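Okay, structure first, notes after.
The structure displayed is predicted, hence computed values, not measured ones. Read the numbers this way: they start at 1 and go in the same order the structure lists the ligands and their atoms.
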Amino acid sequence: MLIQIPPSSACREHEVTPESLYLSRRRFLAGVGGAAAMAALPLCAQDASVYDDVEPAKAPAWFDAKLAGTRWRTVTAGDESITPFRDATHYNNFYEFGTNKGDPARYAEKLRVEPWTVRIEGEVDKPGAYALEDLVKPHALEERIYRLRCVEAWSMVIPWLGFPLSELLSRAQPNGNAKYVSFETRLAPDEMAGVRSGFSLIDWPYVEGLRLDEAMHPLTLLAVGMYGRVLPNQNGAPLRLVVPWKYGFKSIKSIVRIRLVAAQPKTTWQTIAPEEYGFFSNVNPEVDHPRWSQAHERRLPSGLFSPNIVPTRMFNGYEEVASLYAGLDLRKNY
Ligand SMILES: Nc1nc2c(c(=O)[nH]1)N[C@H]1C(S)=C(S)[C@@H](COP(=O)(O)O)O[C@H]1N2
Ligand SMILES: [Mo]
């Protein structure tokens, strides 16, 4: 079973911390008081200090309170190394802030993420509009280290902090008509340089969707943080979806609306180029993009002179989702 959820009391350091991180944490702790500090900091109080180059950020009080109860490393990435924070936060796709990979880091700071309201509506018995902290309150945060595979054939390994979307949907109680879930990103032209520019093909707001069973799959995560800290704006603060077996564009950022619906939603990329981007968009090395191969990916960091090319895996290596697509022709349903 891929997802292991240890009760907080049962965490033991050597089980959940890769050696390199463990060693750098020991060094860090040695600097702040040695063995006494080690003993006083149980693993379950792990925080951003385990990640080398993470820029500290001021998080809202509710986030800091949540961090204390976080279940660390419920999903790990085996022996794959975690992408440095610097790369994960400076090589982004977030077209609301521009189409260059550096634009989100440069411009997303303008996005006002507090206060933030999320609407849950449509085919549910308990619709509602929630302040973000109230939405998150009933859920324990988990750290999950997932591969993120962009349809452009690059990838990263990111430690997310979040909770399963299924928990939120269950609370809203989908009714018998609910077959799909659609998600919408906040639209705030004053704060979004890329929306104002008028150069974009996108009919804002950015919209994504999942079939209800995909949305309910235990791997599907709503993230509020990464690298042990609050989500940076360029990565989709304050609430984004992470669907690790699908191409990155399904993992919609800065969500303000979650709507349960009967019909398959019209998603942003599918609307722009349906022959290139399908509704499912499962990572599949055997189905090429019409303009490039999907058999391999460039794992970041990857230099011009030291390219780090790795084979792409079916469902991005999350093969436990295969049963969701039994009987479906994945060439037609790309
Ligand atoms: N609202 C919104 N969500 C988005 C995008 C976007 O342009 N707008 N880009 C997507 C794409 S193409 C990818 S690969 C991932 C990138 O996430 P990251 O920048 O956190 O790595 O976000 C996805 N979510
Ligand atoms: Mo992407």
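- Remark: K253 does not engage E96 in a salt bridge, criterion side-chain N to carboxylate O under 4.0 Å.
- Under the 4.5 Å side-chain heavy-atom criterion for Ile, Leu, Val, Met, Phe, Trp and Tyr, V283 and L300 are members of the same hydrophobic cluster.
- Taking 4.5 Å as the limit, every side-chain heavy atom of V287 sits out of range of all side-chain heavy atoms of L330.
- Of all protein heavy atoms, the one closest to atom 3 (N) of ligand 1 is K253 N, 3.2 Å.
- Atom OH in Y277 sits 13.0 Å away from atom OG1 in T271 (nearest 0.5 Å).
- The pair E191-K110 does not meet the salt-bridge criterion, since no charged nitrogen lies less than 4.0 angstrom from a carboxylate oxygen.
- Protein heavy atom in closest approach to atom 10 (C) of ligand 1: F249 CA, 3.5 Å.
- Among all protein heavy atoms, the one lying closest to atom 6 (C) of ligand 1 is Y206 CE1, 3.5 Å.
- Atom 8 (N) of ligand 1 has as its closest protein heavy atom E96 OE1, 2.9 Å.
- Taking only nitrogen or oxygen atoms, main chain and side chain alike, N92 reaches within less than 3.5 Å of ligand 1.
- The proximity of T185 to ligand 1, defined as any non-hydrogen pair under 4.0 Å, is limited to the side chain.
- In this structure, Y318 has its ring center closer than 6.0 angstrom to the ring center of Y146.
- The side chain to side chain donor-acceptor pair (under 3.5 Å) search around R119 returns none, not counting sequence neighbours.
- Of all the heavy atoms of R240, the ones lying under 4.0 Å from any atom of ligand 1 belong exclusively to the side chain.
- Considering C150, P232, S155 only, the shortest heavy-atom separation from atom 14 (S) of ligand 1 involves C150.
- Geometrically, ligand 1 and N93 share a nitrogen or oxygen pair separated by less than 3.5 Å.
- Contacts between V151 and ligand 1, counted as non-hydrogen atom pairs separated by less than 4.0 Å, are absent for every part of the residue.
- Distance from atom 21 (O) of ligand 1 to its nearest protein heavy atom, with residue and atom name: L148 CD2, 3.3 Å.
- Considering only non-hydrogen protein atoms, atom 15 (C) of ligand 1 sits nearest to G248 O, 3.6 Å.
- Within a 6.0 Å radius of OH in Y107, no more than 12 heavy atoms belonging to other residues, nucleotides or ligands are found.
- On a distance-only criterion, S251 and ligand 1 share at least one N/O pair closer than 3.5 Å.
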>> Apply side chain to side chain contact (heavy atoms under 4.5 Å, CB included) to residues L241 and L210 and explain how you reach the verdict.
In response: CA-CA 11 Å; L241 186 68; L210 295 171; 4.1 Å; yes
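- In K250, neither the side chain nor the backbone holds a heavy atom less than 4.0 Å from any atom of ligand 1.
- For residues 152-175, the salt bridge (charged side-chain N to carboxylate O under 4.0 Å, His left out) pairs, not counting sequence neighbours, are K101-E152.
- At a 4.0 Å heavy-atom cut-off, ligand 1 touches Y95 through backbone and side chain alike.
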